[in-house]
Every structure is written in structure tokens, then in C-alpha cells.
Enquirer: 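There's a structure below that I have some questions on.
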Amino acid sequence: MSTPVYTTIYHLKDHEGGLVTLKGWLYNKRSSKGLHFLVVRDGSGLCQCVVSQELVDEAAWNGADEATQESSMELSGSVRKDEKQVGGYEIQVNSLRLIHKAEEYPITPKEHGVDFLMNHRHLWLRSQRQWAILRVRNSVIMSIHHFYQERGFVQMDAPILTGTAVEGTSTLFEMEYFGRSAYLTQSGQLHGEAMAMAFGKIYTFGPTFRAEKSKTRRHLTEFWMIEPEMAFYDLDMAMQLAEDMLGRIVSDALKNCQAELEILERDLEPLKRSISGYPRVSYDDAVDILKSDKTAQMVKDKLAGLDLEGASLSSELAKGKSEYGQAKKWEKKKFDSRELEINRRLAEIEEDRRNLPAWLASATAFEWGNDFGGSDETLITWHFDRPIIVHRFPHEFKAFYMKRDPEDDRVALGMDVLAPEGYGEIVGGGERATDLAFLEAQVKKHGLPEEAFTWYFDLRRYGSVTHSGFGLGLERTVTWICGLHHLRETIPFARTLDRLYP
RNA sequence: UCCUCGGUAGCUCAGCGGUAGAGCAUGCGGCUGUUAACCGCAGGGUCGUAGGUUCAAAUCCUACCCGGGGAGCCA
């Protein structure tokens, strides 16, 4: 007999019919007399390994018998293709050694609540769904690097400790820095501009901190942001770059993360449409869309649909309850889990029914000059089947460094990319102001400390040029690609308003 | 800061005035192809905390603590 080759579950396809050794952890176990079906995970995937009492020695059998969930083990056996199994392969085990018998594992193959899972994030990472999400995150990161590197951008790091608030609006984490105040960066943009003037086209990729007291599914206090900054790019060029970048991220994910997206049950159609052809929508047009009869009709249709769905689910629930008494035990179990699902969905429907009228009211009352709220963005994106780029906003609610539109002084040359399916803003940026006097006036007007910007003003003193850039929120992008409800699962260890552990 | 929902077994939840329940997990037993396997038995609880109403409180009331979602703000 040949010697087994040490490999990983991901590479089993190269060893069909051969003998291999795997090292991993027990994900789940099913047993009957003389047989153990061990679902093993090794970080690269899952594989069912069959231990038959007749075919292994006593030590191997006892090891499989004793193994508890998440026990670590090393096993060898022959690889067989089997479409029915997770990963498409199965291993008939010849030998097995228990490396460490795990204590009772807190995360069972059943459902858990968010709080419990977040408290066990260090273990939750081992679950299949988290595996899939964080591998998509990896794909997105690599796509971004490839995209920019292939286009001649230089990756440069902006400082994390800063003495300047880039945008007065956001709240900063302040800290003591050798006797004075420093802040954790909320954007690398100003330093990015300096680097763009030195290298032409650059992008930063780093952590960003916002001390906003937001408790929503779209916010983290620590998140990762990618900020390209390009000399000699105007707004239109920046919008095209953002579209090309997102298109690349999406098409790479579709190509490289098929298994992951399937685990996440992601509907691929909206992603396939999101590779190119992003409509450009001016703020003016977006306001018209928001206040249109069509939007009002969409909200009404949505409400009617929710009523229908709610009624149908309620009657299913009632029917199940009336038949519960006569049901067999396994039928009861099935109904119990369905009941949970229905109750959860009903709660969601209830919430939407409460929110939608308020959304419509706020949309109808919207006036030119207001900033879009989360609900406004969602309503606007309902009109499109792929990401859209909204541009040229009233300058009042935009950052001081944005260039004014030469054709309309009321608006700034900013742009936001809004993801479809209700995911909203994933990119924000635009063309930067080039005129020194204008910037000096802006800093004063926004009440920012002028002395903190003297270095920044230098960029307009020595060869000021047209330039643009934007920031991409990594976690929001991954949330959209994965089709998730909440962004906290897209980062290994989320930092939120009241969560610093684990 | 405000609005809203929740806290019952290790976990997910049901019970909503009258002796504390189920599934999963754990332990033991059964089953030679299982797919959140299945079947049987067992252990496991100051019903978030503190007051109050009541013959009787997990259930009703008040306050507080903790968490989820949302608003504002943002990527």
C-alpha cells in the first residue's frame, strides 16, 4: 500500500482515488452501529470521513467514537468522488488519531442569538457561514489590489494617528499623545492627496475609525477603507474608475467564490447585472425620482405585498398549530423550526410596515438642499437594477475640500455609489478643490483649525492640479456581495458601540 | 439622545395569573450509509435585578440593568 499524501480538503480534487492524510477538526458527527460519519473541517473546506469499525483498528475506532465536536484529529484514507456530500468528496478512513478531545463546545449545530454568537466570535469564525463570508472578504481585498496594481496605482499608507479632523461632522476617537491631543484617522484622504501629487495615482488600504454612536446594521466603529486618489482625474473619470473597480470586485467574486456564495444562498442575478453600466444620476434627478408618483406607488405596492405575505404566513402558522396535536414527533420538530422562521419573518414584516409610511412621508416632504437619509437612498435605488452613481450634491452638507461645479455654484462635484437591493452607500468621493483662496475660506467657514491645514494648503501652492478620489467601505461592499443582513459578520472581530471583546 | 422589541435550562424558544415546558447540546442505551440523521431513557432552572399589586406572579404594575433593531450621522 502506498503512503498517504498530506493535503487539504480544498485540494482533494487532485487526489481522487488516492490515499491522503488530513489534519483538522470535527465539525459534526452522525453515527449508527459500527459506523461513524465524521464531518471534518480543516480551514480549506468540509469533508465527510467515514469510519467503519470493520475497516479500522481499535485505536482508530475508539478515537472516532470518543471525538466530540471541534476535537482535533489527524486521519488517513482513500478519496472518493461523491456529489451528494459537502465539497463533493468523501474519505473512507483507514487510520485516525485524536490530537485533542474538545470540551463541550458552546456553538451547537442549532441556531443561536446574535449576542451569544458575538460573545463567542473567536469560535464562531469556525462556522461554515463565517468561513464563506470571510473568504469573500479575502477575494474582495485581492480584487482591489489587482485592479489598482494593474492600472499603475501605487499602494501607500496614510497615518492612523492624526492631528486633524478631515470632516468636521464625524466624531473622532481622541487620545492623549505625549501631552497633547491626537485622533484615530477617520479618512486618509488629505494625506492621499499629498501622495497623489508625488506618485500620480495612489490608493490607501487601511483601518478607519468613527466614534459615531450608531447602532445600526451598517456601522462599525473600526472599519477598513480603500481610498484611491488620482492627479489629473476629474469627476467623470473618478466615477468611471469607481464603476470599473466595483465591476472587477463583482466579477472576481462570481468567478472565484462560487462555493462561498452558494453557502450564503446569494442570488447571483443582481450581481451579474452589477458588473458594468452603472447609471449616473444627478442629485437633482435623484430628488425628482424620490418625490415621484412612481416612488409612492412602489411603496404602496410593497406594503400590499407585505400584507399578503404576512397573511399567508399567519394562516400557515395557524394551520400548523391546529394540526400540531396529531403530528408525529419529527413533524413537530419540523414545524417548530418553521414556526421560528415564520415568527422572525413576521417581525420583519411588522417592522417594514411600521417604517414604510414614514419613509414615504420623508420622501414626499424632501426638499432640494437636504441630504439623503438612509431610507431616501433605499427608495431611490429601488428604481434601478444595479449600482447607481449619484453626483453633484448641494455643497452645504458636503466636505470643505470638494470642488464647486463651475456650471452651478450651488453644487459640489461629489459622488456616491449606492448599491442595489437596499444596501446603499458603499463609495463616497469626488473632485477636490484646487484653488488655495477658496480652500482657505472653506476651512474658516467650517470652523476648522487653520494651522492644522498649512501642509495641506501647500499642495495648492506648488503645482495645484485637477484631482479626484473616493473611499470604498470594505465591509459594506462585502455585505452587499454576500447579500447579508448585517455588516458585523464581514470583519473577523467587529468593533461596535458597546463591543470590544473578544 | 430619542423611538421600538426583547431578557425563562449550556443554546434557541414556548408558556403570559393557579405545582416550570419542548427541541438542540451533554450522559447512557439502540440502529451497518447517515446528511442540522433517527429512536428510547436520564441529569439540568432563585423565569435579568429590586420593589409593588394579589389568597396566588415567569405571567400584571413601577424603577433600574443588559442586549437587538431603527432614527440622527456616515463608508
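Just so it is clear: chains get the letters A, B, ... in the order the sequence lines come, proteins before strands, and each one is counted from 1.
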Enquirer: Output yes when at least one side-chain N/O atom of A:N355 is less than 4.0 Å from OP1 or OP2 of B:rG69, else no.
Expert: no
Enquirer: For B:rU46 and B:rA9, measure between their P atoms and round to the nearest Å.
Expert: 8 Å
Enquirer: Determine whether more than 12 heavy atoms belonging to other residues, nucleotides or ligands lie under 6.0 Å from atom CD of A:E262.
Expert: no
Enquirer: Looking at every strand, decide which applies to A:D416 at a 4.0 Å heavy-atom threshold: base, sugar-phosphate, or nothing.
Expert: nothing
Enquirer: On a whole-Å scale, what distance lies between the C1' atoms belonging to B:rA56 and B:rC41?
Expert: 35 Å
Enquirer: If I take atom OH in residue A:Y89 and atom C1' in nucleotide B:rG33, what distance separates them, rounded to the nearest angstrom?
Expert: 20 Å
Enquirer: Just to be sure I understand the rule, does A:L472 reach a base, reach only the sugar-phosphate, or reach nothing, if contact means heavy atoms closer than 4.0 Å?
Expert: nothing
Enquirer: Distance between the C1' atoms of B:rU8 and B:rG44, in whole angstroms?
Expert: 14 Å
Enquirer: Atom CD of A:E70 and atom P of B:rU26: how far apart are they, to the nearest Å?
Expert: 12 Å
Enquirer: Can you tell me if the side-chain N/O atoms of A:H120 get under 4.0 Å from OP1 or OP2 in B:rC11?
Expert: no
Enquirer: Find the distance A:N28:CG to B:rU35:C1' and express it as a whole number of Å.
Expert: 9 Å
Enquirer: Between A:H145 and A:Y203, is a ring pair (Phe, Tyr, Trp, His ring centres under 6.0 Å) present by the stated rule, with each step listed?
Expert: CA-CA 9 Å; A:H145 281 298; A:Y203 67 107; 5.6 Å; yes
Enquirer: Under 3.5 Å, is there an N or O donor on one side and an acceptor on the other linking the side chain of A:E90 and the base of B:rG33?
Expert: yes
Enquirer: Could you state the CD-C1' distance from A:Q48 to B:rA36, rounded to the nearest angstrom?
Expert: 13 Å
Enquirer: Using atom P in both nucleotides, what's the gap between B:rG52 and B:rA37 to the nearest angstrom?
Expert: 49 Å
Enquirer: Please confirm whether the backbone N or O of A:E90 pairs with a side-chain atom of A:R80, one donor and one acceptor, at under 3.5 Å?
Expert: no
Enquirer: Considering every strand and a 4.0 Å limit on heavy-atom distances, what is the contact class for A:Q92: base, sugar-phosphate, or nothing?
Expert: base
Enquirer: Provide the distance between the two C1' atoms, one in B:rG43 and one in B:rC28, to the nearest whole Å.
Expert: 11 Å
Enquirer: Pick the nucleotide of RNA chain B nearest each of A:L35 and A:Y105; which residue has the one closer to the 5' end?
Expert: A:Y105
Enquirer: Base, sugar-phosphate or nothing for A:T477? Non-hydrogen atoms, less than 4.0 Å.
Expert: nothing
Enquirer: How close or far is atom C1' of B:rU12 from atom CD1 of A:I107, stated in whole angstroms?
Expert: 13 Å
Enquirer: Do the side-chain N and O atoms of A:S362 and A:D376 include a donor-acceptor pair separated by under 3.5 angstrom?
Expert: yes
Enquirer: Check whether the side chain of A:Q85 and the base of B:rU34 form a donor-acceptor pair under 3.5 Å.
Expert: yes
Enquirer: Quick check for you: among B:rA37, B:rA25, B:rA75, whose closest atom lies nearest to any side-chain atom of A:E425?
Expert: B:rA75
Enquirer: For A:S52 and for A:V427, find the nucleotide of RNA chain B with the closest heavy atom, then tell me which residue's nucleotide is more 5'.
Expert: A:S52
Enquirer: Just compare B:rC73, B:rG69, B:rG33 and give me whichever is closest to any side-chain atom of A:H486.
Expert: B:rG69
Enquirer: Contact class for A:F37 (heavy atom, under 4.0 Å): base, sugar-phosphate, or nothing?
Expert: base
Enquirer: Under 3.5 Å, is there a donor-acceptor pair between the A:Y401 and A:E193 side chains?
Expert: no
Enquirer: Name the pairing partner of B:rA20, where a pair is Watson-Crick or G-U wobble with both distances under 3.5 Å, or state none.
Expert: none
Enquirer: Over 60° means perpendicular and under 30° means parallel, so tell me whether A:F372 and A:Y283 are parallel, tilted or perpendicular.
Expert: tilted
Enquirer: Answer yes when A:E243 and A:R280 have at least one side-chain N-carboxylate O distance shorter than 4.0 Å, and no when they do not.
Expert: yes
Enquirer: What integer number of Å spans the C1' atoms of B:rA57 and B:rG17?
Expert: 7 Å
Enquirer: Any carboxylate oxygen within less than 4.0 angstrom of a Lys/Arg side-chain nitrogen, looking at A:E475 and A:R488?
Expert: no
Enquirer: Using the rule for Phe, Tyr, His and the six-membered ring of Trp, do A:F223 and B:rA75 stack at under 5.5 Å and under 30°?
Expert: yes
Enquirer: Starting the side chain at C-beta, find the nucleotide from B:rG68, B:rC31, B:rA75 nearest to A:K33.
Expert: B:rC31
Enquirer: Using the P atom on both, measure B:rG48 against B:rU34 and round to a whole Å.
Expert: 43 Å
Enquirer: Checking all strands, does A:R129 fall into the base, sugar-phosphate, or nothing category for heavy-atom contacts under 4.0 angstrom?
Expert: nothing
Enquirer: Determine the Euclidean distance between corresponding C1' atoms of B:rU19 and B:rU59; express it in Å to zero decimal places.
Expert: 15 Å
Enquirer: In the strands shown, is B:rG45 matched to any nucleotide by a Watson-Crick or G-U wobble pair with both distances under 3.5 Å, and which?
Expert: none
Enquirer: Does B:rU1 pair with anything, Watson-Crick or G-U wobble, both distances under 3.5 Å, and if so, with which nucleotide?
Expert: B:rA71
Enquirer: For B:rC60, what is the paired nucleotide under Watson-Crick or G-U wobble rules, both distances under 3.5 Å?
Expert: B:rG52
Enquirer: What is the distance, rounded to the nearest whole Å, between atom CZ of A:F393 and atom P of B:rC74?
Expert: 11 Å
Enquirer: Using whole Å, report how far CD of A:Q53 lies from C1' of B:rU34.
Expert: 16 Å
Enquirer: On a plain distance test, is the side chain of A:R30 in donor-acceptor contact with the base of B:rC31 below 3.5 Å?
Expert: no
Enquirer: What is the separation between atom CG on A:N370 and atom P on B:rC74, rounded to the nearest whole Å?
Expert: 13 Å
Enquirer: Taking a pair as Watson-Crick or G-U wobble with both distances under 3.5 Å, which nucleotide is matched to B:rG29?
Expert: B:rC39
Enquirer: Which part of the nucleic acid, if any, lies within reach of A:Q69 when heavy atoms closer than 4.0 Å are counted: base, sugar-phosphate only, or nothing?
Expert: nothing
Enquirer: Is there a side chain to side chain donor-acceptor pair (under 3.5 Å) between A:Q130 and A:R121 once you walk through the steps?
Expert: CA-CA 10 Å; A:Q130 303 309 311; A:R121 183 60 173 170; 2.8 Å; yes
Enquirer: With the side chain of A:E54 defined as its heavy atoms from C-beta on, choose the nearest nucleotide among B:rA25, B:rU32, B:rA75.
Expert: B:rU32
Enquirer: Closer than 4.0 Å, any side-chain N/O of A:R218 to the OP1 or OP2 of B:rG72?
Expert: no
